[in-house]
Amino acid sequence: MSDKLIVMERRVYIKTFGCQMNEHDSERMLALLEECGYHETVKWEEADLILVNTCTVREKPEQKAYSIVGRFQQIKKNNPDAIIGIAGCVAQQRGEELLARIPALDFVLGPGKIYKLPEILHEMHKGMRGVCTVGFENGCPTNLPIPHTQQLRAYVTIMQGCDNFCSYCIVPSVRGRERSRPSGEILAEIHALVQRGTKEVTLLGQNVNSYANNTPRELTFPQLLAKIDEIPGLERIRFTTSHPKDLTEEIIEAFGQLKHLCEHFHLPFQAGSNAVLERMNRGHTREEYLAKTKKLREAAPQISITADVMVGFPGEGEEDFLQTLKLMRQVEFDGLFSFKYSPRKGTRAAQWRDDCTSEVKQRRLEILQELQRGITLKKNKELEGTAKEVLVEGRSRNSPHTMKGRTRCNRIVNFPGGSELVGELVTVKITEGLQNSLRGGRCG
Ligand code: SF4
């Protein structure tokens, strides 16, 4: 008999905070729950199970997760059998502490134990409460069902965890050390996705370009990319996130060689000052970062480069901040995710004095974002008059006669068209570069 619990007509509401890894984990949990007979609802008030998938990389999402669980617990007034669970990085970090802190909470599930969800619910339906399942296996969890949400564009986890221990980052504690999935399994999953109509895959991991670095007999990351590039029917390959120190010549060369590898590289730099980078334990200098991004643009002149950066790290002075602005002008990022530093308990940097005031952090963030807005708009305007391959995703939210798609460089393009184009690769001539998107018309 199957050890999976089949229940009828139960509804699950999932709230997700954080990065694409978390989004993907939520999709995988939903796929597991669907196998157990659950259906997703968008109304938490009518759910039988509420799952909050948390993020602890920054303070804000963690606090939001606590307050939202506080709101959701009202559900037990009308439905005392409703189950509330916390998953994700806060679950891994706080574990049992959460059960003590939030009396209405029924279970805690770490990101390395997602596959245990059906078992946990089996116990919950027998009346058990207060279950905490956290920790990591030696390898990436395997044989999880492919979420039905993975359609035209799909995510595929290729590795989990991180060995880098940047001094501000909690990820190695909450996601564990690096574990790479076997390449055979990754390729089989992508083949299956393509059979179901997927045209674009994004390979996911905390540090994808160190894929299999600690698994000598496995394919290297560029070799894996080359194998994926050969899969018939797959049109586009992307990956995120990468670390500058693990960006090798072979990976850079792949951009000039692999037909389906999209010209977009997300390469966090975090700070432009070598002194700050050293305190961050980033393992790269500004000069190395500049040299690698230059080589990327030589290998693929159209490549779009995006990054993460933070302001107000302990000890960041005005001169350090100016170095960050200078690096931004030198690289001319196509887009940038920028944040104010906030100490995360359990990291090395949290032991240091958070010596930039919130006013200073705010001012620096505003200056940096203003600079980036100007660069992004300039780069989008430079695309006016060019023809771009666009993978059509669906209708634009603003007009029923406008379709929305993405260029290989990951820019959103809106253009007149009908829904018969969804899933097609079309060529669009760009007529207007805007702050956050492009406008155009179909060629031919
Ligand atoms: S590379 Fe650094 S910032 Fe990225 S996940 Fe690892 S420790 Fe965190």
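When a ligand or atom number is given, it counts from 1 through the structure's own listing order.
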What atoms of ligand 1 come closer than 4.0 angstrom to any heavy atom of [X]?
{"X": "Cys169", "answer": "3 (S), 5 (S), 7 (S), 8 (Fe)"}
{"X": "Phe165", "answer": "7 (S)"}
{"X": "Pro172", "answer": "7 (S)"}
{"X": "His243", "answer": "1 (S)"}

For Arg28, the option from Glu34, Glu35, Glu189 that meets salt bridge (Lys or Arg N to Asp or Glu O under 4.0 Å): Glu189
Can a donor-acceptor pair be found between the side chains of Glu23 and Thr16 at a distance below 3.5 Å? no
Looking at [Y] and [X], is any side-chain nitrogen of the basic one under 4.0 Å from a carboxylate oxygen of the acidic one?
{"X": "Arg363", "Y": "Glu318", "value": "yes"}
{"X": "Arg297", "Y": "Asp334", "value": "yes"}
{"X": "Glu389", "Y": "Lys199", "value": "no"}

What is the nearest protein non-hydrogen atom to atom 3 (S) of ligand 1, stated with its residue, atom name and distance? Tyr168 OH, 3.4 Å
Give me the residue, atom name and distance of the protein heavy atom closest to atom 6 (Fe) of ligand 1. Cys162 SG, 2.2 Å
Passing option when Glu316 is tested against Gln323, Arg364, Lys361, Arg279 for side-chain hydrogen bond (donor to acceptor under 3.5 Å, both in side chains): Arg364
State whether Cys166 contributes an N/O/S atom found under 2.8 Å from atom 2 (Fe) of ligand 1. yes
